[in-house]
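Have a look at the structure below, then the notes.
Proteins come first, then strands; the chains are lettered A, B, ... in the order of their sequence lines, and each starts at number 1.
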Amino acid sequence: MSKVVTRFAPSPTGLMHLGNVRTAMLNWMFARKMGGKFLLRFEDTDQSRSEQQYIDALKEDMLWLGLQWDDEPLFQSAHAEQHREALDKLAETNLAYPCFCSESQLNLDRKLATSRGLPPRYNGRCRELSNDERQAKLDAGETHTWRLAVHADSGEVTVPDLLRDNVVFLRKDLDDPVVVRSDGTFTFLLPNAIDDAVDGITHVLRGDDHLTNSAYQVWMLESLGYTAPVCLHHGLLLGEDGAKLSKRTGSHSVADLRAEGLFPEALQQAMVRLGHPNIPEDALSIEALLEHTDIEHLSTSSVRWSNEAMWRWHTKFLYAKPASELAPLLRQSLAQHDIDIDETQALALAEILGGNLNRMEDVLNFKRLLDASETISDENVQVLKEAGAVFFNHALSTAKATGGTDWKAWTNALKEISGAKGKGLFMPLRIALTGQAHGPEMSKVVVFLGADGIQTRLNQVLGLLDD
RNA sequence: GUCCCCAUCGUCUAGUCGGCCUAGGACACCGCCCUUUCACGGCGGCAACACCGGUUCGAAUCCGGUUGGGGAUGCCA
């Protein structure tokens with residue numbers, strides 16, 4: 001059995017999107033799983049729309065996602081020769097033919113067919129031209145496209161598919177697809193298939209929206225004497241609303257997600273778990289995912305994307321970050337809002353905040369830990385008012401007496417003097433010091449702030465209550 | 001219209017040959033416990049075989065049809 005070779009073949013005309021991510025990951029995973037190769041091929045035949053910046057961005061996103069490709073990236077444009085040869089070879093045996101029908105003629109044909117209740121397919125006018133007629137038109141320089149003579153004959157095309165029963169199409173139900181436009185450029189159908197053949201691709205994982213295309217490509221490759229790659233047509237990735245993935249329904253580009261600070265692991269988790277059953281919750285690395293997935297049993301029904309699930313994974317990964325890794329991220333997030341802290345401070349902050357942030361930007365909720373003048377929300381101020389100035393005067397005096405950095409000692413002393421206890425004791429202090437009703441362990445917070453920090457904030461609260 | 005694909009809890013799915021399925025798991029959600037907060041963790045709960053026929057002693061599972069979604073029928077990829 002020959003080695004498995006898969007590929008991800010984006011056209012460099014845009015950024016990597018969620019649909020791309022799924023296809024790329026599945027092809028990568030299948031290759032890894034089977035001990036094969038995973039190739040990256042840029043389908044850059046549309047030179048006018050292809051841009052170097054997208055090639056670079058696509059590569060960067062792939063690496064960010066942990067999808068390293070084997071060998072050097074391939075470029076479809078480098079195979080122009082083979083595409084031409086393939087067409088010539090098909091033309092020789094009349095399996096491809098020039099079509100001189102005009103756009104308006106074809107529209108008319110379609111209307112006519114539909115009105116008669118027939119499928120609106122190409123009626124084969126130019127397929128039935130004699131060789132002489134054909135040559136005469138070509139010599140006269142008439143504009144033409146090239147079509148594949150699929151519909152012409154009886155017989156069937158079988159698309160081999162590992163995920164389902166092989167799909168059988170009757171040739172008469174298929175059309176004669178255009179493979180060369182009137183401007184002489186190829187449509188996606190031919191180069192895509194030829195490249196797979198010459199690149200030695202053995203397996204193609206793609207959405208089932210390609211099923212009919214696969215039929216055309218299988219027919220073409222087999223006509224040329226190639227063995228068509230085995231397909232794994234999986235169900236489509238849908239948006240959150242169950243409709244097709246579109247920009248509006250959350251089809252973010254990977255670039256957007258990265259800009260939002262998403263961890264690649266979170267995207268991996270959310271993506272791979274779609275269409276796969278019962279992957280243990282603790283399969284957190286891509287290797288672990290690989291181990292617990294069976295690509296050959298990937299679901300053939302469509303699946304829904306969930307941003308919420310992805311961000312939940314992100315939070316899980318964030319919680320698990322040790323302070324040493326969290327610290328630089330904290331600095332970075334704060335720096336984005338023009339707050340600069342040094343490394344030591346960042347590490348100290350990371351140690352108390354770890355496990356309290358769902359997204360990196362949540363650190364902004366705790367600005368009061370860094371700056372005593374940071375305002376407190378009205379709702380929380382209300383809690384401070386209910387505690388009252390008397391309470392905070394006691395708090396200040398006991399803080400001074402005990403130093404305040406021993407949470408237990410301080411609060412015990414305060415409890416005795418003020419008579420406050422439980423939530424009524426802890427909550428006002430939490431809000432006064434952190435600005436938030438929820439957050440990290442107070443015993444750590446007081447150490448982080450130090451005696452001065454505590455007193456500054458208590459004084460600031462007292463000033464607030466005076467107004 | 002014609003052809004092709006798909007259809008189990010809110011979501012992702014288990015369900016090999018029909019009986020062990022009054023349909024299992026995970027996530028989400030809800031409740032309780034733990035916790036000075038949040039989270040984690042523990043326990044419990046809610047919740048689905050799209051519909052209609054047929055075959056059968058017995059169907060989520062097989063067959064037919066219907067409905068719904070998707071794709072093709074594009075000089076998009």
Side-chain angles (χ1 to χ4, degrees), chain A residues 9-11 13-14 19 43 45-46 49 99 101-103 106-107 110 113-122 143-147 151 159 161 163-165 167-189 191-192 206-216 233-236 238 240 242-244 269-270 272-281 297 299-306 308-309 312-313 315-316 319-320 354-358 362 407-408 411 421-427 429-431 434 436-443:
Chain A
S11 63
T13 55
E43 306 224 323
T45 40
D46 187 347
R49 288 198 301 148
C99 174
C101 298
S102 68
E103 196 88 53
L106 292 171
N107 283 335
R110 268 194 282 273
T114 338
S115 70
R116 280 205 232 133
L118 295 169
R121 264 186 220 99
Y122 181 59
T143 48
H144 60 276
T145 61
W146 285 85
R147 286 179 184 274
H151 184 73
V159 179
D161 193 316
L163 298 183
R164 60 188 93 216
D165 291 337
V167 185
V168 180
F169 292 87
L170 261 28
R171 280 180 66 185
K172 70 174 178 59
D173 289 328
L174 295 169
D175 207 347
D176 280 7
V178 170
V179 288
V180 180
R181 303 183 184 92
S182 53
D183 66 1
T185 59
F186 285 102
T187 64
F188 130 97
L189 227 41
N192 180 261
R206 37 151 73 151
D208 64 15
D209 52 338
H210 276 291
L211 256 167
T212 316
N213 287 332
S214 293
Y216 292 125
H233 289 106
H234 58 255
L236 242 37
L238 304 178
E240 316 234 27
K244 266 183 80 180
Q269 291 291 331
V272 171
R273 284 166 192 273
L274 293 177
H276 283 111
N278 289 338
I279 300 175
E281 278 293 289
H297 288 103
S299 169
T300 50
S301 51
S302 48
V303 295
R304 286 193 196 206
W305 175 249
S306 168
E308 200 192 316
R312 243 192 321 266
W313 280 107
T315 298
K316 192 165 177 169
Y319 281 1
N356 289 97
L357 307 173
N358 292 153
D362 291 347
W407 177 246
K408 258 218 157 91
T411 51
K421 57 181 181 177
K423 201 173 177 183
L425 171 68
F426 299 115
M427 192 52 81
L429 291 179
R430 171 179 288 283
I431 292 172
T434 70
Q436 296 293 323
H438 305 298
E441 265 182 67
M442 288 307 292
S443 58

Considering Watson-Crick and G-U wobble pairs with both distances under 3.5 Å, what does [N] pair with?
N      : value
U16(B) : none
G64(B) : C52(B)
U2(B)  : A72(B)
C43(B) : G31(B)
A26(B) : U11(B)

Which is true for [X] with a 4.0 Å heavy-atom rule: it touches a base, it touches only sugar-phosphate, or it touches nothing?
X         : answer
Ser299(A) : sugar-phosphate
Gly207(A) : nothing
Asn356(A) : base
Tyr319(A) : sugar-phosphate
His276(A) : sugar-phosphate
Ser301(A) : sugar-phosphate
Glu281(A) : sugar-phosphate
Ser182(A) : base
Arg121(A) : base
Trp146(A) : nothing
Gly439(A) : base

Got a second to check how far Thr45(A)'s OG1 is from Phe188(A)'s CZ, nearest 0.5 Å?
-> 10.0 Å

Arg304(A) CZ to G69(B) P: how many Å, rounded?
-> 13 Å

Between A72(B) atom C1' and Tyr216(A) atom OH, what is the distance in whole Å?
-> 7 Å

Heavy-atom distance under 4.5 Å between the side chains of Tyr122(A) and Cys99(A), does that happen here?
-> yes

The residue, Pro177(A) or Phe169(A), whose nearest nucleotide of RNA chain B is more 5′ is Phe169(A)

Which nucleotide in the set C6(B), A14(B), G71(B) lies at the smallest distance from any side-chain heavy atom of Asp209(A)?
-> G71(B)

Is a donor-acceptor pair below 3.5 Å formed from side chain Asn358(A) to base A39(B), judging by atom type as modelled?
-> no

In terms of side-chain heavy atoms, does [X] have a donor or acceptor partner in [Y] at a distance below 3.5 Å?
X         : Y         : answer
His144(A) : Ser182(A) : no
Arg206(A) : Ser214(A) : yes
Thr434(A) : Arg430(A) : no
Tyr319(A) : Asn358(A) : yes

On a whole-Å scale, what distance lies between the [atom1] atoms belonging to [N] and [M]?
N      : M      : atom1 : answer
G58(B) : C40(B) : C1'   : 47 Å
G69(B) : G31(B) : P     : 36 Å
C43(B) : G70(B) : P     : 42 Å
C57(B) : C52(B) : C1'   : 23 Å
A23(B) : C4(B)  : C1'   : 31 Å
G64(B) : U55(B) : C1'   : 11 Å
A28(B) : C34(B) : C1'   : 22 Å

Residue pair Asp176(A), His151(A): steps toward the side-chain hydrogen bond (donor to acceptor under 3.5 Å, both in side chains) verdict | CA-CA 6 Å; Asp176(A) 280 7; His151(A) 184 73; 5.5 Å; no

Determine, answering yes or no, if His233(A) is stacked on G71(B) under the 5.5 Å centre rule and the 30° plane rule.
-> no

Is there a side-chain polar atom (N or O) of Arg181(A) under 4.0 Å from OP1 or OP2 of G74(B)?
-> no

Arg273(A) vs U11(B): side-chain N/O to OP1/OP2 distance below 4.0 Å | no

